[in-house]
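Since we're looking at a predicted model, the values are computed, not measured.
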Amino acid sequence: SFSQYFQRLYDVDSSQEWGWDISLKPDNNFFVVGWRYNQFSGKFSLYNLSINSITKSTISTNIQRPDSPSISIGPGLPGEVKKTGGGYLVPVTVQWPNPTTGYLYSAGGLIRLNSAGDTIFKRVYSDTSNYFDLINTCAVLTNGTFIVAGARSLNTVSSYRPYLLIHTNSLGDTIWTRTFQKDTAQYSSVNNVIPLADGRLVIGAITTYKEYISGFGHIDHNSVWFIELDSAGNIIKDTVFGSQYMTGRNGVCGELYGDLNGGYIAIGNFDSMFTSDPTEPQNYPTFIAHLDTNFRITWLTEF
């Protein structure tokens with residue numbers, strides 16, 4: 001914040017650490033989820049802290065280390081840790097090294113924590129010998145089940161992949177898995193999921209194609225993609241805005257939110273360039289838009 005009430009460093013064990021997500025606990029203390037790197041082991045882990053909101057002192061610390069032989073466990077997008085049952089739901093991506101190919105295979109996963117930050121369960125949903133999954137977000141459905149979402153690539157390291165949804169029960173066990181892709185030559189990824197009261201799901205995603213610009217290499221063009229699914233994961237509505245609209249730049253992550261007055265608020269950027277230099281900071285101005293329940297724009301403000 002520009003007006004800080006306090007500034008405090010929280011060091012778990014002299015590793016490099018990134019605070020990733022913060023929530024207010026029922027006791028009005030802070031709950032922080034982060035990502036840590038141990039320079040001695042070379043492994044990334046998740047950590048969480050409970051912090052006293054008055055004294056700013058650490059109440060408790062927990063670390064969720066990756067299972068051997070994995071080397072990395074990282075949270076989804078910032079702001080995507082969700083509260084559930086008095087605890088927390090953390091979407092994760094876990095990586096394994098493959099000694100044969102030299103690739104880092106990645107798997108989608110989910111960790112459920114209790115209110116103290118202790119692990120209730122940790123699930124990994126992908127065969128890391130086959131997939132390169134990237135998990136961005138999760139959601140708690142009204143019936144107490146969960147959604148884990150991101151992107152999937154099969155058998156090869158590729159920028160062309162469908163987006164991925166995994167529906168689990170309250171124990172984290174898989175009920176169904178769905179993948180969606182607008183074009184086999186495009187990269188797609190879920191940014192966030194909005195559960196509706198009747199079991200339907202509204203998905204905010206991106207779909208990307210690459211354009212080669214001489215002197216600059218490949219430039220990504222990201223179109224916003226909105227889908228409404230029924231409770232079984234079947235498509236009800238499917239809308240892609242053209243490449244004029246994009247997401248994933250300027251720190252925009254979860255770009256779709258439910259509006260309490262009806263419809264949705266979408267945040268993104270225009271895919272427009274003011275100069276021939278793709279790195280010019282004036283490029284890709286930000287917008288905030290209101291969508292109706294059919295994903296049609298009712299108003300839009302540019303910044």
Side-chain angles (χ1 to χ4, degrees), residues 20-23 33 35 74-84 88-93 108-112 125 133-143 145-152 161-168 176-182 186-208 222-231 233 235-241 245-269 286-295 297:
W20 207 256
D21 234 308
I22 186 166
S23 302
V33 174
W35 198 20
L77 296 173
E80 293 303 311
V81 172
K82 302 297 171 55
K83 294 181 179 180
T84 180
Y88 305 90
L89 204 63
V90 186
V92 295
T93 300
L110 188 67
I111 295 178
R112 185 174 181 181
Y125 299 107
D133 288 354
L134 174 66
I135 298 302
N136 295 328
T137 185
C138 64
V140 181
L141 278 59
T142 54
N143 62 2
T145 62
F146 308 130
I147 290 287
V148 188
R152 162 163 289 180
R161 60 179 73 180
Y163 82 59
L164 170 68
L165 287 177
I166 302 169
H167 184 203
T168 83
W176 51 252
T177 299
R178 299 283 187 272
T179 56
F180 301 91
Q181 192 170 28
K182 295 303 292 184
Q186 292 182 323
Y187 170 97
S188 303
S189 183
V190 176
N191 284 341
N192 55 349
V193 178
I194 302 173
L196 302 182
D198 60 1
R200 289 175 296 150
L201 302 172
V202 173
I203 312 298
I206 62 171
T207 181
T208 301
N222 302 315
S223 299
V224 293
W225 186 9
F226 305 119
I227 284 188
E228 182 181 311
L229 305 175
D230 64 20
S231 59
I235 295 176
I236 300 173
K237 299 172 184 174
D238 183 351
T239 299
V240 173
F241 286 10
Y245 304 99
M246 58 189 288
T247 63
R249 297 188 63 89
N250 297 349
V252 175
C253 294
E255 89 297 352
L256 186 68
Y257 303 90
D259 183 355
L260 295 179
N261 297 309
Y264 307 97
I265 297 293
I267 303 172
N269 299 81
T286 301
F287 68 81
I288 297 179
H290 183 270
L291 312 178
D292 65 17
T293 55
N294 291 312
F295 307 127
I297 296 175

Considering non-hydrogen atoms only, spot the tightest contact between A139 and K82 and give its length. CA-NZ, 4.3 Å
Can you list the steps and then say if L291 with T239 is a side chain to side chain contact (heavy atoms under 4.5 Å, CB included)? CA-CA 12 Å; L291 312 178; T239 299; over 6 Å; no
Check the orientation of F180 and Y163. Use parallel for under 30°, tilted for 30 to 60°, and perpendicular for over 60°. tilted
Just wondering, do F146 and V140 contact through their side chains at under 4.5 Å, heavy atoms? yes
CD1/I147 to CD1/I194 distance, rounded to the nearest 0.5 angstrom? 13.0 Å
From CG (L77) to CG (N136), nearest 0.5 Å: 4.0 Å
Locate the shortest heavy-atom distance separating H167 from L141; write the atom from each residue and the value. NE2-CD2, 3.8 Å
Of all heavy-atom pairs linking V193 and A149, the shortest is CG2-CB, 4.0 Å
To check you understand the geometry: which heavy-atom pair defines the closest contact between F226 and A266, and what is its length? CZ-CB, 4.1 Å
For G76, does its backbone N or O pair with a side-chain atom of W20 as donor and acceptor, under 3.5 Å? yes
Out of curiosity, E228 CD to T293 OG1, how far, rounded to the nearest 0.5 Å? 8.0 Å
What closest approach, in Å, do F295 and Y264 show between heavy atoms, and which atom pair accounts for it? CE2-CE1, 3.9 Å
Apply side chain to side chain contact (heavy atoms under 4.5 Å, CB included) to I203 and W225, showing your working. CA-CA 8 Å; I203 312 298; W225 186 9; over 6 Å; no
Atom CD1 in I297, atom NE2 in H290: separation rounded to 0.5 Å? 11.5 Å
So OG of S188 and CD1 of I227: to nearest 0.5 Å the spacing works out to 8.5 Å
Under the criterion side chain to side chain contact (heavy atoms under 4.5 Å, CB included), I'd like the reasoning laid out for Y125 against T177: C-alpha separation, chi angles, the key distance, then a yes or no. CA-CA 10 Å; Y125 299 107; T177 299; over 6 Å; no
Quick one, I265 and I288 - any side-chain contact, counting heavy atoms below 4.5 Å? yes
Taking N192 for the side chain and L256 for the main chain, is one N or O donor matched with an acceptor at less than 3.5 Å? yes
Consider side-chain contact (heavy atoms from CB on, under 4.5 Å). Of V148, V190, L110, which one does I135 pass it with? V148
Looking at OH of Y88 and CG of D21, how far apart are the two atoms once the value is rounded to the nearest 0.5 Å? 10.5 Å
